[in-house]
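Below, chains carry the letters A, B, ... as their sequence lines are ordered, and counting in each starts from 1. Please read these numbers as outputs of a predicted model, since none were measured by experiment.
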2 protein chains.
Amino acid sequence: MKINCDENTLYDVAELFKNFSDSTRIRILYLLIDKERSVSEIAELLNMNQSAISHQLRLLKNSKLVRNRREGKTIYYSLADDHVLNIISQGIEHVNE
Amino acid sequence: MKINCDENTLYDVAELFKNFSDSTRIRILYLLIDKERSVSEIAELLNMNQSAISHQLRLLKNSKLVRNRREGKTIYYSLADDHVLNIISQGIEHVNE
DNA sequence: TGAACATATGAACATCTGTTCATATGTATT
DNA sequence: AATACATATGAACAGATGTTCATATGTTCA
């Protein structure tokens with residue numbers, strides 16, 4: 001495999017992986033592989049408070065790894081694209097060896 | 001793609017990605033894609049001091065992402081396996097879109 | 001053995017990060 | 001409009017992280 005990229009790209013890559021480097025965020029992303037979920041649902045599943053989840057979702061949103069949509073009072077988050085899934089599954093593969 | 005893993009695995013995955021989430025470390029890894037390199041060579045290429053590089057190499061070594069071998073006074077580091085390359089190139093791909 | 005060189009290591013420090021708490025914003029219902 | 005509910009946000013705090021400095025370790029060669 002041939003790779004070529006400049007230094008700025010590598011900074012961006014580091015930023016990208018930062019999203020996956022925290023257990024809360026990666027567990028959130030993992031939950032979203034299944035289906036879209038509301039903030040409170042995620043909070044409950046991870047047994048964490050709503051604010052913590054909300055803060056992390058904002059980071060993921062800013063990095064364009066998740067999207068959201070409002071339905072009444074509830075906001076549903078979902079994965080932005082397949083890349084996210086691919087990155088996570090590659091990580092899981094690496095760990096399971 | 002179907003994924004199934006337990007919570008502990010996700011913690012490990014977060015640990016794995018932590019290695020790629022710092023620009024110094026990812027630039028080190030990127031340099032090692034080419035070929036093995038000594039600590040001082042890496043330090044010079046990244047324009048950083050030897051100690052900083054050495055500390056980061058230790059982290060990468062502990063995570064088994066790099067290996068090293070001694071040749072006289074010099075210690076050469078290289079990527080541990082293709083996974084590392086795969087993860088980086090996937091990150092670059094994602095960023096270049 | 002002593003000097004020179006390459007790397008590793010521990011302590012100290014500043015910065016970054018994740019969580020909590022309190023509260024604000026936005027929506028639905030009465 | 002008032003209340004209840006879901007989410008977002010800012011401040012504060014503790015703990016983690018990355019770099020630097022000083023120095024230790026390990027190797028080679030004279």
Side-chain angles (χ1 to χ4, degrees), chain A residues 7 10-32 35-80, chain B residues 7 10-32 35-80:
Chain A
E7 190 148 312
L10 291 176
Y11 279 90
D12 292 344
V13 173
E15 283 304 310
L16 171 66
F17 283 127
K18 222 165 265 182
N19 291 291
F20 299 89
S21 71
D22 173 73
S23 63
T24 299
R25 284 192 296 274
I26 205 157
R27 283 181 302 151
I28 291 174
L29 292 170
Y30 181 76
L31 287 176
L32 297 182
K35 58 167 187 279
E36 66 174 8
R37 294 182 195 270
S38 71
V39 178
S40 53
E41 184 182 359
I42 296 170
E44 191 176 10
L45 286 167
L46 298 187
N47 206 22
M48 292 180 65
N49 80 43
Q50 174 268 319
S51 179
I53 300 301
S54 204
H55 279 297
Q56 298 299 346
L57 282 169
R58 179 169 43 163
L59 296 181
L60 294 172
K61 181 114 197 300
N62 288 342
S63 301
K64 301 198 196 310
L65 298 184
V66 302
R67 289 177 288 153
N68 60 14
R69 70 181 182 88
R70 178 181 282 277
E71 192 177 307
K73 288 174 286 189
T74 306
I75 297 187
Y76 291 99
Y77 281 82
S78 57
L79 297 187
Chain B
E7 190 149 311
L10 290 176
Y11 279 90
D12 293 343
V13 173
E15 283 305 311
L16 170 66
F17 283 127
K18 221 166 264 182
N19 291 290
F20 299 89
S21 71
D22 173 73
S23 63
T24 298
R25 284 192 297 274
I26 204 157
R27 283 181 301 152
I28 291 174
L29 293 170
Y30 181 76
L31 288 175
L32 297 181
K35 57 169 187 278
E36 65 174 7
R37 295 181 195 270
S38 71
V39 178
S40 53
E41 184 183 358
I42 296 169
E44 191 177 9
L45 286 167
L46 298 187
N47 206 23
M48 292 180 65
N49 80 43
Q50 175 267 321
S51 180
I53 300 301
S54 203
H55 279 298
Q56 297 301 346
L57 282 170
R58 180 170 42 165
L59 297 181
L60 294 172
K61 181 114 196 302
N62 288 342
S63 301
K64 301 199 196 309
L65 298 184
V66 302
R67 290 177 289 152
N68 60 14
R69 69 181 184 87
R70 177 181 282 277
E71 192 177 309
K73 287 174 287 189
T74 306
I75 297 189
Y76 291 100
Y77 281 82
S78 57
L79 297 188

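Looking at the side chain of Q56(B), the nearest of the listed nucleotides dG18(C), dT7(D), dG18(D) is dG18(D). Closest to the side chain of R58(A), out of dA8(C), dT9(D), dT7(C), is dT9(D). The M48(A) side chain lies nearest to dT19(C) when the options are dT7(D), dT7(C), dT19(C).
Partners of A80(A) under the side-chain contact (heavy atoms from CB on, under 4.5 Å) rule, at least two apart in sequence or in another chain, are R67(A). Residues that satisfy the salt bridge (charged side-chain N to carboxylate O under 4.0 Å, His left out) test with E41(A), not counting sequence neighbours, are R37(A). In this structure R70(A) satisfies the side-chain hydrogen bond (donor to acceptor under 3.5 Å, both in side chains) test with no other residue, sequence neighbours excluded. For R58(B), the side-chain hydrogen bond (donor to acceptor under 3.5 Å, both in side chains) partners are H55(B), not counting sequence neighbours. Take S40(A) and apply the side-chain hydrogen bond (donor to acceptor under 3.5 Å, both in side chains) test, not counting sequence neighbours, and it matches S38(A). Under the side-chain contact (heavy atoms from CB on, under 4.5 Å) criterion, K61(B) pairs with V66(B), N68(B), Y77(B), sequence neighbours left out.
When rounded to the nearest whole Å, the span between CZ of R37(B) and C1' of dT7(C) equals 18 Å. With rounding to whole Å, E44(B) atom CD is found 16 Å from dT7(C) atom C1'. When the C1' atom of dT7(C) is taken as reference, atom CD of E41(B) falls 14 Å away, rounded to whole Å. Spacing between atom CD1 of I53(B) and atom P of dA6(C) amounts to 16 Å, rounded to whole angstrom units. Summarising the geometry, the separation between OH on Y11(B) and C1' on dG18(C) is reported as 13 Å, rounded to the nearest angstrom. As rounded to whole Å, 15 Å separates atom C1' of dA6(C) from atom CD of E36(B). Between I75(B) atom CD1 and dA8(C) atom C1' the separation is 8 Å, expressed in whole Å. Here the C1' atom of nucleotide dT7(D) and the CG atom of L57(A) are 10 Å apart, to the nearest Å.
Annotation: the span from L60(A) atom CG to F20(A) atom CZ amounts to 8.0 Å, rounded to 0.5 Å. Rounding to the nearest 0.5 Å places CG of L46(A) at 10.5 Å from CD of E44(A). One distance of note links CD1 of I42(A) with CG of N47(A); it measures 14.0 Å at 0.5 Å rounding.
Using a 4.5 Å cut-off on side-chain heavy atoms (C-beta onward), L65(B) and L59(B) make no contact.
Summary of helix geometry: the two end axes of the helix from dT1(C)-dA30(D) to dT30(C)-dA1(D), each defined by five base pairs via their C1' atoms, are inclined to each other by 20° (rounded to 10°).
Heavy atoms of Y77(B) sit under 4.0 angstrom from primed sugar atoms or phosphate atoms, though from no base atom. Counting non-hydrogen atoms under 4.0 angstrom, T74(A) reaches the backbone sugars and phosphates but no base.
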Under 3.5 Å, which donor-acceptor pairs link side chains of residues 25-32 of chain B to any protein atom two or more places apart or in another chain?
unit_1	atom_1	unit_2	atom_2	d
R25(B)	NE	N19(B)	O	3.2
R25(B)	NH1	Q56(B)	OE1	2.8
R25(B)	NH2	K18(B)	O	3.0
R27(B)	NE	S23(B)	O	3.2
R27(B)	NH1	E7(A)	OE2	3.4
Y30(B)	OH	C5(A)	N	2.9
Y30(B)	OH	C5(A)	O	3.3

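Classified by interplanar angle (parallel below 30°, tilted 30° to 60°, perpendicular above 60°), the ring pair F17(A)/F17(B) is parallel.
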ask   = Reading nucleotides 21-28 of chain C 5' to 3', which nucleotides get B (base under 4.0 Å from a protein heavy atom), which S (sugar-phosphate only), which -?
value = BB---BBS
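Contacts with DNA chain D (heavy atom under 4.0 Å) in residues 15-24 of chain A: none are found.
Residue S40(A) places at least one side-chain N or O under 4.0 Å from the OP1 or OP2 atom of dT7(D).
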